[in-house]
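Quick note on labels: first sequence line is chain A, next is B, and so on, each numbered from 1.
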Amino acid sequence: MRTSQLLLPTLKEDPVDTVVISHKLMLRAGMIRQLASGLYTWLPLGLRVLKKVERIVREEMDRAGAQEVLMSGVQPAELWQESGRWGQFGPELLRLKDRHERDFCLGPTHEEVVTDIIRREVNSYKQLPLNLYQVQTKFRDEVRPRFGVMRSREFIMKDAYSFDINEDGMRKSYQAMYDAYCRIFDRFGLDYRAVLADSGAIGGSGSQEFHVLADSGEDDIVFSNGSDYAANVEKAECIASGTRQASEEEMRKIETPTQKTIEALVNDFDLAIEKTVKTLIVRASDVCESDFVALIVRGDHTLNEVKAENHAMVASPLTFATEAEIKSIMGAGPGSLGPVNCPIPVIADRQVAICSDFGAGANEDGWHYFGINWGRDCAEPETADLRNAVEGDPAPDGSGTYLIRRGIEVGHVFQLGQKYSEAMNATVLDENGKQSTLFMGCYGIGVTRIVAAAIEQRHDDRGICWPPSLAPFDVCIVPIGGNKNRAVDEEALRIQSELQAKGLDVLLDDRNMGPGPRFADMDLIGIPVRIVVSAKTLEDSEVELKQRIENEASRVPLGDVVDVVMTLEWLKS
RNA sequence: CGGGGUAUAGCGCAGUCUGGUAGCGCAUCUGCUUUGGGAGCAGAGGGUCGUUGGUUCGAAUCCAGCUGCCCCGACCA
């Protein structure tokens, strides 16, 4: 390919209204253009990268025994009603009617469609296990699309679905996908982690997420510094550190007319923040006699809403009491709540349960108790893991302490179990001739998001530094001074065709511009290897070779360039 | 859905307060020169100032509605 024929609309200046680096660089490098909020056109350079991602994904899915299919992007409402998700999904599911007033939606995922095809076409356990995947455009009407293709409304996803006769088979299929995902992300050449995840609304038992580590990530990833335990912050288990100390203080009631926040309490009363607790009132589930329950976390901790919602006594979805409700149940406003004389059930975070001599609201406006001790001043609480992990917390496997980094979720593997197969009656005959409900797994990779994540992780102040496996071109050639010395252009063309013969994608920058802007563009779009051919180097029968990630170029004899480039290709997976 | 911005040439912006028929840089086109890190000279083209309505002799500018886009929050396989 020659740049003179390539639609490569690079921008010198940073586009406005962009906040993450990948979004800026994808626009500047001419990879994408925005069509509307959350909708993008992929230009030739961007599409090349997308196809590299897709190719690796397909190769590894095929290697793992999955079979590619392509399902419709528009889906009939009936299937979603059958699984129950027509009602569960909110406005994120874009619904539409056809000319006959029949309901459809733009598929945000394909469990229903794939389960439907399997229940129709697969009848016997002998046809299992089966794993179907597709690379397809999804649509989710995101509340707030942002960060370019990192969180867009339309995006490309590889989604796979496994079907097994029993749970054991499902686990094997899941493990095979997990292994395939590791190979895929290894081949991308990105720094990633597989972490334990909450299964969320999609349901099911086991689930792990694959995250590319980057400061701009939207998720907090928690790791142990002593083992490979890693989890999404939603899921990362928090154990109590230390044991409860014996009480040393008597409980006393303190007037706190203006102290409605932990911060004020700590500042005004010389109280350690570890000796304060926060009391949050939420709706209770049906198993509770009370309509509300009080959740307590330490003053310096934050409530983990996913953990709270998963607690048996807490209503799902998690619903906080309104200020008026709090007043009427507790007899005091939100700034003065605590476990002493609490009229509703109390669930304390594990760390709170081992606090002694702590301070909390008195359930009376303008008053707090200090020196509270469980069992003496109020009942021993029900305890649970309710809080978000913070750096330095002990890891639950005893291996060390937690570190926290930001991650971009680019893959997710789930053991779905029988959630969809049961709802949609997907069964086969087992070896005893009896109907048996299928066990499913589902496995997603955010193809478009991978492109952005790669840039977040691999860039410098000049532009993108593609990992070789994802680069739109493997090598670029910049001839300089060809109008004065015809040998320059001839050599550039010769090198290009020889490298192409070796199977490489080569971009020849033949634009009629000075070297400066061409170097800048090649750096911006991040081609891993650059070859400069000029009259100067040809005098010595040499060319200049530079890798994108290096600062210094080296001289290579004309006859050796192709071989030298090919030896660099160990970078390629 | 709450809160806050913003909309003028392909891109980035000025002009709006104080109303008088639109300007700068980059990009584009033509010609000549120029080729080791975002060239020079000369010339040229390009905007119903988001949209609808109002005020006015006159509106990019003042007023009102609508829409798009962006940010913060809530939301999220």
Side-chain angles (χ1 to χ4, degrees), chain A residues 9-20 23-24 27-28 30 33-39 85 88-93 107-111 138 140-148 150-153 155 157-161 197-204 206-211 218-219 232 234-235 305-306 317-320 409-416 419-420 441-446 449 462-463 478-485 488-489 509-524 530 532-538 543-544 546 551 553 555:
Chain A
T10 56
L11 305 171
K12 194 153 74 176
E13 292 176 60
D14 256 2
V16 293
D17 288 340
T18 55
V19 330
V20 296
H23 190 195
K24 288 183 206 295
L27 288 167
R28 284 192 55 205
R33 285 296 182 261
Q34 182 169 337
L35 209 215
S37 181
L39 305 177
R85 290 207 293 182
Q88 284 169 15
F89 251 80
E92 184 173 302
L93 182 67
T109 175
H110 281 72
E111 280 82 8
K138 308 282 192 213
R140 293 182 195 168
D141 200 356
E142 288 283 346
V143 185
R144 183 147 91 86
R146 62 190 128 165
F147 304 156
M150 283 246 282
R151 184 163 289 276
S152 52
R153 294 194 289 179
F155 56 97
M157 175 169 271
K158 186 286 302 175
D159 49 327
Y161 306 88
D198 184 75
S199 356
I202 202 156
S207 137
Q208 281 160 290
E209 293 170 349
F210 286 77
H211 283 260
E218 294 184 273
D219 291 295
N232 192 301
E234 291 171 352
K235 182 83 174 178
E305 300 192 8
V306 172
L318 186 74
T319 312
F320 286 95
E409 185 189 347
V410 289
H412 204 152
V413 291
F414 278 94
Q415 294 177 33
L416 285 176
K419 176 175 166 137
Y420 295 91
C442 77
Y443 317 94
I445 290 181
R449 189 182 273 185
R462 295 194 312 256
V478 184
I480 297 173
N483 53 347
K484 277 193 181 157
N485 184 343
V488 169
D489 287 342
D509 195 352
D510 59 343
R511 291 174 297 180
N512 184 26
M513 300 193 293
R518 286 187 288 160
F519 289 155
D521 272 354
M522 293 303 108
D523 286 343
L524 174 64
R530 186 184 77 191
V532 178
V533 184
S534 71
K536 191 172 77 183
T537 63
L538 285 186
V543 294
E544 178 189 286
K546 180 179 166 304
N551 287 322
R555 290 285 201 101

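Look at G73(B): its Watson-Crick or wobble partner, with both distances under 3.5 angstrom, is C1(B). Pairing partner, C11(B): G25(B), with both Watson-Crick or wobble hydrogen-bond distances short of 3.5 Å. The partner of C66(B) is G50(B), judged by Watson-Crick or G-U wobble contacts that both fall below 3.5 Å. Look at C57(B): its Watson-Crick or wobble partner, with both distances under 3.5 angstrom, is G20(B). The base-pairing partner of A39(B), taking Watson-Crick or G-U wobble contacts with both distances under 3.5 Å, is U33(B).
Among His211(A), Gln208(A), Glu409(A), the one residue that satisfies the side-chain contact (heavy atoms from CB on, under 4.5 Å) test with Asn232(A) is His211(A).
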Identify all pairs in which a protein N or O lies below 3.5 Å from an N or O of nucleotides 27-38 of chain B, and state each distance.
residue: U35(B); atom: OP1; partner: Lys484(A); partner atom: NZ; Å: 3.2
residue: U35(B); atom: OP2; partner: Lys484(A); partner atom: NZ; Å: 3.2
residue: U35(B); atom: O2'; partner: Gly481(A); partner atom: N; Å: 3.1
residue: U35(B); atom: O2; partner: Met513(A); partner atom: O; Å: 3.2
residue: U35(B); atom: O2; partner: Arg518(A); partner atom: NH2; Å: 3.3
residue: U35(B); atom: O4; partner: Asn512(A); partner atom: OD1; Å: 2.6
residue: G36(B); atom: N7; partner: Ser534(A); partner atom: OG; Å: 3.4
residue: G36(B); atom: O6; partner: Ser534(A); partner atom: OG; Å: 2.4
residue: G36(B); atom: N1; partner: Glu544(A); partner atom: OE1; Å: 2.8
residue: G36(B); atom: N2; partner: Glu544(A); partner atom: OE1; Å: 2.4
residue: G36(B); atom: N2; partner: Glu544(A); partner atom: OE2; Å: 3.1
residue: G37(B); atom: O4'; partner: Gly516(A); partner atom: N; Å: 3.4
residue: G37(B); atom: O6; partner: Arg530(A); partner atom: NH1; Å: 2.8
residue: G37(B); atom: O6; partner: Arg530(A); partner atom: NH2; Å: 3.0
residue: G37(B); atom: N1; partner: Asp523(A); partner atom: OD2; Å: 3.1
residue: G37(B); atom: N2; partner: Asp523(A); partner atom: OD2; Å: 2.7
residue: G38(B); atom: O4'; partner: Pro517(A); partner atom: N; Å: 3.4
residue: G38(B); atom: O2'; partner: Lys12(A); partner atom: NZ; Å: 3.3
residue: G38(B); atom: N1; partner: Asp521(A); partner atom: OD1; Å: 3.4

So which protein nitrogen or oxygen atoms get under 3.5 Å of nucleotides 70-74 of chain B's nitrogens or oxygens?
residue: C70(B); atom: OP1; partner: Gln34(A); partner atom: NE2; Å: 3.2
residue: C70(B); atom: OP2; partner: Ser37(A); partner atom: OG; Å: 3.0
residue: C70(B); atom: O2'; partner: Asp17(A); partner atom: OD1; Å: 3.3
residue: C72(B); atom: OP2; partner: Arg144(A); partner atom: NH1; Å: 2.9
residue: C72(B); atom: OP2; partner: Arg144(A); partner atom: NH2; Å: 2.5

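Salt-bridge annotation for Glu111(A) and Lys419(A): absent, with no side-chain N of the basic residue lying under 4.0 Å from a carboxylate O of the acidic one.
Whole-Å rounding puts the Leu27(A) CG to G10(B) P distance at 17 Å. Put simply, NE2 on His412(A) is 14 Å from P on C76(B), counting in whole angstrom units. Note: CD (Glu218(A)) to C1' (C75(B)) measures 11 Å, nearest angstrom. The distance from atom CG of Asp219(A) to atom P of C76(B) is 13 Å, rounded to the nearest whole Å. Computed from coordinates, the Glu92(A) CD to C75(B) P distance equals 13 Å when rounded to whole Å. The CD-P distance, from Glu142(A) to C75(B), rounds to 13 Å in whole Å. Following rounding to the nearest Å, Leu39(A) (CG) and C69(B) (C1') show an atom-to-atom distance of 12 Å.
A distance of 4.5 Å separates CZ of Phe320(A) from CD of Glu305(A), quoted to the nearest 0.5 Å. Atoms CE and NZ, on Met522(A) and Lys546(A) in that order, are 12.5 Å from each other to the nearest 0.5 Å.
Nucleotides A22(B) and G31(B) place their P atoms 31 Å apart, quoted to the nearest Å. Using P as the reference atom, G43(B) and C26(B) are 15 Å apart when rounded to the nearest Å. Comparing the C1' positions of G54(B) and A27(B) gives an interatomic distance of 39 Å, to the nearest angstrom. Comparing C63(B) with G20(B), their P atoms sit 15 Å apart, to the nearest whole Å. A44(B) and A59(B) have their P atoms separated by 31 Å, with the value rounded to a whole Å. With C1' as the reference atom, U51(B) and U67(B) are 7 Å apart, rounded to whole Å. A9(B) and C24(B): their P atoms are spaced 14 Å apart (whole Å). G68(B) and G50(B) have their C1' atoms separated by 7 Å, with the value rounded to a whole Å.
Nearest heavy atoms, Asp521(A) versus Thr10(A): OD1-OG1, 3.0 Å.
Between Leu35(A) and Asp14(A), the one whose closest nucleotide on RNA chain B sits nearer the 5' end is Asp14(A).
A donor-acceptor pair is defined here as one N or O able to donate and one able to accept, closer than 3.5 Å; such a pair exists between the side chain of Gln34(A) and the backbone of Ala36(A). When atom types are taken as modelled, the side chain of Lys138(A) and the backbone of Lys158(A) share no donor-acceptor pair closer than 3.5 angstrom. Looking only at distances, a side-chain donor or acceptor of Arg449(A) sits under 3.5 Å from a matching main-chain atom of Met150(A). The backbone N or O of Asp509(A) lies less than 3.5 Å from a partner atom in the side chain of Arg518(A), making a donor-acceptor pair. At least one donor-acceptor pair under 3.5 Å links the side chain of Lys24(A) to the backbone N or O of Thr18(A).
Side-chain contact between Arg153(A) and Leu39(A) is present, with at least one heavy-atom pair separated by less than 4.5 Å.
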